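A quick note: this is a predicted structure, and the numbers were derived from the prediction, not measured.
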Amino acid sequence: MSMPIELQGLNKDRVTFVWSEESSDVWPARALRLRCTCAHCKSEDTGERLIVDEEIPEEIIVTGMHLVGNYGVGIHFSDGHTTGIYRFSDLEARAQNDG
């Protein structure tokens, strides 16, 4: 697993993860928000999604980002959500599978 060499997306409607000089991946902010697996968004007991897609604004933006150890990034969204952690290994796997 690798960490991105660059993250771009503050105050934008997308986040770009630059994995290497040859590889990057762009995620719409709303797609990341919908993917959140924190305890507010996904039941820890059952795995059931607790959020409703239609309740997440279409025009959501990223208002803050912070590294979480060597393995992920915490993203704050314009709808006030701040508790999700996005693992680099999960995000990079999508980039490799889609690319």
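- Here the side chains of T37 and Y86 are not in contact, with every heavy-atom distance at 4.5 Å or above.
- Partners of L10 according to the side chain to side chain contact (heavy atoms under 4.5 Å, CB included) rule, which considers only residues two or more places apart in sequence or in another chain, do not exist here.
- Between the CZ atom of R35 and the CZ atom of R30 there is a distance of 15.0 Å, given to the nearest 0.5 Å.
- Residue H81 holds its NE2 atom at 7.0 Å from CD1 of I51, rounded to the nearest 0.5 Å.
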* Please step through side chain to side chain contact (heavy atoms under 4.5 Å, CB included) for the pair V73 and L7, ending with a clear verdict. => CA-CA 9 Å; V73 61; L7 289 173; 3.9 Å; yes
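- The list of ring pair (Phe, Tyr, Trp, His ring centres under 6.0 Å) pairs with a residue in residues 30-56, not counting sequence neighbours, is empty.
- For the atom pair CG (L67) and CZ (F88), the distance works out to 5.0 Å, reported to the nearest 0.5 Å.
- C36 and G84 make their closest contact through SG-CA, 3.5 Å (heavy atoms, listed as atom of the first residue, atom of the second, distance).
- In this structure, the side chain to side chain contact (heavy atoms under 4.5 Å, CB included) partners of T16, at least two apart in sequence or on a different chain, are Q8, V18, S24, V26.
- Take D79 and apply the salt bridge (Lys or Arg N to Asp or Glu O under 4.0 Å) test, not counting sequence neighbours, and it matches R33.
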* To do: Any chance you could lay out the side chain to side chain contact (heavy atoms under 4.5 Å, CB included) test for L91 and L32, step after step, and finish with the verdict?
  => CA-CA 10 Å; L91 298 170; L32 287 168; 4.0 Å; yes
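- Note that CD of E92 and OG of S20 are 8.5 Å apart. Values are rounded to the nearest 0.5 Å.
- In this structure, W27 is a member of the same hydrophobic cluster as L34, with clusters built from ILVMFWY side-chain heavy atoms closer than 4.5 Å.
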Name the atoms and distances for all side-chain donor-acceptor pairs under 3.5 Å in residues 52-66, with sequence neighbours left out.
residue, atom, partner, partner atom, Å
D53, OD1, R49, NH2, 2.6
T63, OG1, H76, O, 3.3

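- Scanning for side chain to side chain contact (heavy atoms under 4.5 Å, CB included) contacts around L50 gives S43, with sequence neighbours left out.
- The CG atom of D25 sits 7.0 Å away from the CH2 atom of W19 when rounded to the nearest 0.5 Å.
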